[in-house]
Amino acid sequence: MTRPKGTLIRNSTGTRLNHWLTAACFVLLVLSGLSMFHPLLFWMSALFGGGQWTRAIHPWIGLVLAVSYAAMIVQFLRDNLWSKDDIAWARTIDKVLANEEEGVPEVARFNAGQKMVFWSMTLLIPVLLVTGIFVWDYYFESLTSIETQRYALLIHSLAAIAAIIIWITHVYAAIWVRGSMRAMTQGYVTPGWAWRHHRKWFRSLAATGSAGPRPGKAADETHK
Ligand code: HEM
């Protein structure tokens with residue numbers, strides 16, 4: 001895909017495909033999961049061909065999500081490592097939410113909010129995977145007791161609720177910060193966007209004359 005001259009690469013094609021596969025699996029899991037969560041939501045199972053199909057397909061989509069998110073961890077881990085600047089940024093969250101830049105510390109490739117999304121999902125997805133396997137009766141019923149399954153399902157449901165809340169926050173932020181959506185759909189951002197929202201990242205690119213990060217490398221370390 002061609003990007004307009006002068007713009008910066010934010011996410012490569014592979015990263016974007018990986019992200020949207022994860023997102024599609026997540027949405028399907030939310031719909032199928034909620035339809036099994038409460039009878040009032042059972043009508044949503046019609047989207048998957050009925051209750052039995054929903055129950056059969058949900059764990060398989062979960063496996064695809066887990067593998068897909070593992071690939072995201074590999075690509076995003078370095079840029080999501082916590083730094084002392086993140087606390088200073090988080091303290092100015094009221095200004096960030098009001099779209100004011102004055103007094104907000106400079107941010108590298110990801111801000112503290114984005115890092116929270118990354119780390120929350122990195123914790124919750126393995127919990128969902130393990131507890132999900134515990135209650136995947138078709139294959140693993142004989143390996144677990146009913147009591148274990150009850151606890152596993154409770155933890156699975158609580159982790160799913162937490163992941164849904166994180167996901168809603170993530171989508172809200174992606175819409176709120178104008179220009180972010182294009183970073184994940186078309187893969188590029190304008191220098192103005194980078195200057196405004198990720199100034200440290202912008203400076204590191206400008207210092208090396210690079211248009212964007214190499215996959216798997218921390219953006220700030222790409223050209224060291
Ligand atoms: C379906 C709705 C979703 C939308 C509209 C969306 C939107 C976006 C956008 C626009 C970015 C780019 C941010 C940037 O480059 O600064 C992004 C990054 C990211 N997304 Fe999503 N996303 C969605 C679902 C998900 C899901 C379900 C997950 C995880 C399970 C996820 C995890 C991430 C991660 C880890 C990043 C990299 C930034 C970070 O480390 O926080 N996204 N998303």
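Just so it is clear, the model here is predicted, and its values are computed rather than measured. Whatever order the structure lists ligands and atoms in, that order sets their numbers, starting from 1.
- When Met184, Arg182, Arg10 are checked for heavy-atom proximity to atom 16 (O) of ligand 1, Arg10 turns out nearest.
- The NE2 atom of His19 and the NE2 atom of His170 subtend an angle of 170° at atom 21 (Fe) of ligand 1, given to the nearest 10 degrees.
- The contact set between ligand 1 and Ala23, taken as ligand atoms under 4.0 Å from a residue heavy atom, comprises 1 (C), 24 (C), 27 (C).
- Interface atoms of ligand 1 facing Phe76, defined by a heavy-atom separation under 4.0 Å, are 37 (C).
- When hydrogens are left out, the protein atom nearest atom 38 (C) of ligand 1 is Phe110 CE2, 3.5 Å; that is the closest non-hydrogen contact.
- Ranking protein heavy atoms by distance to atom 35 (C) of ligand 1, first place goes to Met72 CE, 3.7 Å.
- Both Val177 and Leu8 sit in one connected hydrophobic cluster of ILVMFWY residues. Membership requires side-chain heavy atoms under 4.5 Å apart, directly or through other members.
- For ligand 1, the atoms sitting less than 4.0 Å from at least one non-hydrogen atom of Ser180 are 10 (C), numbered in the order shown with element in parentheses.
- Aromatic rings of Trp195 and Phe202 (six-membered ring for Trp) have centroids within the 6.0 Å cut-off, being under it.
- The closest protein non-hydrogen atom to atom 29 (C) of ligand 1 is Tyr69 CE1, 3.7 Å.
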| task | Go through Arg109 and Phe76 one step at a time and tell me if the side chain to side chain contact (heavy atoms under 4.5 Å, CB included) criterion holds. | result | CA-CA 10 Å; Arg109 184 156 181 230; Phe76 287 125; 4.0 Å; yes
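- Just one of Asn80, Ile125, Thr122 meets the side-chain contact (heavy atoms from CB on, under 4.5 Å) condition when paired with Ile73; it is Thr122.
- Counting heavy atoms under 4.0 Å from ligand 1, residue Trp20 touches it through the side chain alone.
- Taking the ring axis of Trp193 as reference, the NZ or CZ atom of Arg182 does not stay both within 45° of it and closer than 6.0 Å to the ring centre.
- No side-chain donor-acceptor contact under 3.5 Å links Ser35 and Ser32.
- Listed by number with element, the atoms of ligand 1 under 4.0 Å from a non-hydrogen atom of Ala174 are 7 (C), 10 (C).
- To the nearest 0.5 Å, atoms OG1 (Thr13) and CG (Asn11) are separated by 10.0 Å.
- Of the possible polar contacts, none joining the Glu100 side chain to the Val96 backbone as a donor-acceptor pair under 3.5 Å is found.
- Comparing heavy-atom distances from atom 41 (O) of ligand 1 across Met181, Gln114, Arg109 singles out Gln114 as nearest.
- Within the listing of ligand 1, atoms 27 (C) sit less than 4.0 angstrom from a heavy atom of Phe26.
- Among protein heavy atoms, atom 28 (C) of ligand 1 sits closest to Thr22 CG2, 4.4 Å.
- Counting heavy atoms closer than 4.0 Å to ligand 1, residue Asn11 contributes side-chain atoms (C-beta onward) but none from N, CA, C or O.
- For atom 26 (C) of ligand 1, the closest non-hydrogen atom of the protein is Trp167 CD1, 4.2 Å.
- When only non-hydrogen protein atoms are considered, atom 40 (O) of ligand 1 lies nearest to Asn80 ND2, 2.8 Å.
- Hydrophobic clustering (side-chain heavy atoms under 4.5 Å, transitive across Ile, Leu, Val, Met, Phe, Trp, Tyr) groups Val117 together with Leu65.
- On a distance-only criterion, Lys115 and ligand 1 share no N/O pair closer than 3.5 Å.
- Interatomic distance, CZ of Arg16 versus NE2 of His19, reported as 11.5 Å (0.5 Å rounding).
- Counting only N and O atoms by type, the side chains of Asp137 and Gln149 include a donor and acceptor under 3.5 Å apart.
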